[in-house]
Amino acid sequence: MLVAPSILSADFGKLAQEVEAICEGGCDLVHVDVMDGHFVPNLTIGPVVVKSVAKAATKPLDVHLMVENNTFFVDLFAPLKPKYISFHLEEEKHPHRLIQKIRGLGISPSIVLNPHSRPEELEYIINDLDMVLLMSVNPGFGGQKFIPSVVEKAARLKDLILRKNASALIEVDGGVNDKNIHALKNAGVDVVVAGSYVYGSDDYAKAIKSLQI
Ligand code: DX5
Ligand code: ZN
């Protein structure tokens with residue numbers, strides 16, 4: 001299991017050190033939550049701050065867009081060369097076109113599904129994706145309770161990926177901890193995001209390791 005700590009739960013007063021600490025602690029990706037105050041009722045960070053995050057990080061960036069105008073934000077963040085950019089299916093009229101655009105910029109495209117969205121919606125684009133991000137909370141805030149139906153959804157998505165002979169990874173975001181990690185692993189999840197579980201612990205390296213099962 002790959003682990004992508006979400007810097008949303010970091011101490012922003014010492015952001016560079018917080019990013020260095022998770023990288024030194026052995027994380028696989030650095031998850032960056034971009035919220036615009038429109039698609040979700042919260043506002044986070046833009047490219048100016050994320051540039052400092054990229055400078056401090058020794059692991060690839062995993063950018064999660066929670067915004068209304070995906071194309072505009074893809075263009076804003078592309079120069080920072082993240083490994084992944086994930087956008088919400090619920091907020092995109094032309095997902096196929098945006099996937100090609102992200103790949104054309106040399107970035108791995110990923111689609112996010114909110115808790116209500118069906119994995120079958122991805123049937124005709126799954127082969128174009130490098131990752132699918134399943135929300136296990138409603139997007140907008142760290143520290144929320146895990147929605148257990150995501151486990152069955154991940155298993156159904158895994159079946160779709162195998163049936164279509166696709167290679168997309170499955171990532172789960174929200175409320176992940178050492179209690180639900182085993183069910184996620186069994187369902188075929190490849191990557192987990194963990195914000196409050198990692199940054200709320202006294203030992204980031206130990207918390208990260210406990211999820212790398
Ligand atoms: C929620 C964000 C998550 C969040 C996860 O909108 O997408 O990445 O920071 O935080 P925890 O792990 O605390 O639920
Ligand atoms: Zn996220």
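Counting starts at 1 for both ligands and their atoms, in listed order. In what follows, residues are counted from 1 in the order of the sequence shown. Only a predicted model underlies this, so the values are computations on that prediction, with no experimental measurement involved.
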Minimum-distance N/O/S atom that [X] presents toward the Zn ion (ligand 2):
| X | answer |
| --- | --- |
| D173 | OD2 |
| D33 | OD1 |
| H64 | ND1 |

Fill in: Worked check of side chain to side chain donor-acceptor pair (under 3.5 Å) between D33 and H31
CA-CA 7 Å; D33 289 303; H31 188 81; 2.9 Å; yes
Fill in: Verdict with supporting geometry, V67 and N69, side-chain contact (heavy atoms from CB on, under 4.5 Å)
CA-CA 6 Å; V67 300; N69 189 344; 5.8 Å; no
Worksheet item: Can a salt bridge be assigned to the pair K101 and D75 using a cut-off of 4.0 Å between side-chain N and carboxylate O?
Response: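 Judged by the 4.0 Å cut-off on N to carboxylate O distance, K101 and D75 do form a salt bridge.
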Worksheet item: Using 4.0 Å as the upper bound for N to carboxylate O, is an ion pair formed by E92 and R97?
Response: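 Between E92 and R97 there is no salt bridge, as every charged N stays at least 4.0 Å from the carboxylate O atoms.
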Worksheet item: Can you tell me if CZ on F12 sees more than 12 non-hydrogen neighbours from other groups inside 6.0 Å?
Response: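 More than 12 heavy atoms, drawn from other residues, nucleotides or ligands, come within 6.0 Å of this atom.
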Item to complete: Determine the interplanar angle of the H88 and H64 rings, folded into 0 to 90°, and report it as parallel if under 30°, tilted if 30 to 60°, perpendicular if over 60°.
Response: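 Rings of H88 and H64: parallel, under 30°.
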Which pairs of N or O atoms, one from ligand 1 and one from the protein, are separated by less than 3.5 Å, and what is the distance for each pair?
residue: ligand 1; atom: 6 (O); partner: G140; partner atom: N; Å: 2.7
residue: ligand 1; atom: 7 (O); partner: D33; partner atom: OD1; Å: 3.0
residue: ligand 1; atom: 7 (O); partner: H64; partner atom: ND1; Å: 3.2
residue: ligand 1; atom: 7 (O); partner: D173; partner atom: OD2; Å: 2.9
residue: ligand 1; atom: 8 (O); partner: H31; partner atom: NE2; Å: 3.4
residue: ligand 1; atom: 8 (O); partner: D33; partner atom: OD1; Å: 3.1
residue: ligand 1; atom: 8 (O); partner: D33; partner atom: OD2; Å: 2.8
residue: ligand 1; atom: 8 (O); partner: D173; partner atom: OD1; Å: 2.7
residue: ligand 1; atom: 8 (O); partner: D173; partner atom: OD2; Å: 3.0
residue: ligand 1; atom: 9 (O); partner: S6; partner atom: OG; Å: 2.9
residue: ligand 1; atom: 9 (O); partner: D33; partner atom: OD2; Å: 3.1
residue: ligand 1; atom: 12 (O); partner: G195; partner atom: N; Å: 2.8
residue: ligand 1; atom: 13 (O); partner: G143; partner atom: N; Å: 2.8
residue: ligand 1; atom: 13 (O); partner: S196; partner atom: N; Å: 2.9
residue: ligand 1; atom: 13 (O); partner: S196; partner atom: OG; Å: 2.5
residue: ligand 1; atom: 14 (O); partner: G175; partner atom: N; Å: 2.8

Discussion item. Y197 and side-chain contact (heavy atoms from CB on, under 4.5 Å): which single residue from D178, V3, V192 fits?
Written reply: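 Checked D178, V3, V192 against Y197; only one passes side-chain contact (heavy atoms from CB on, under 4.5 Å): D178.
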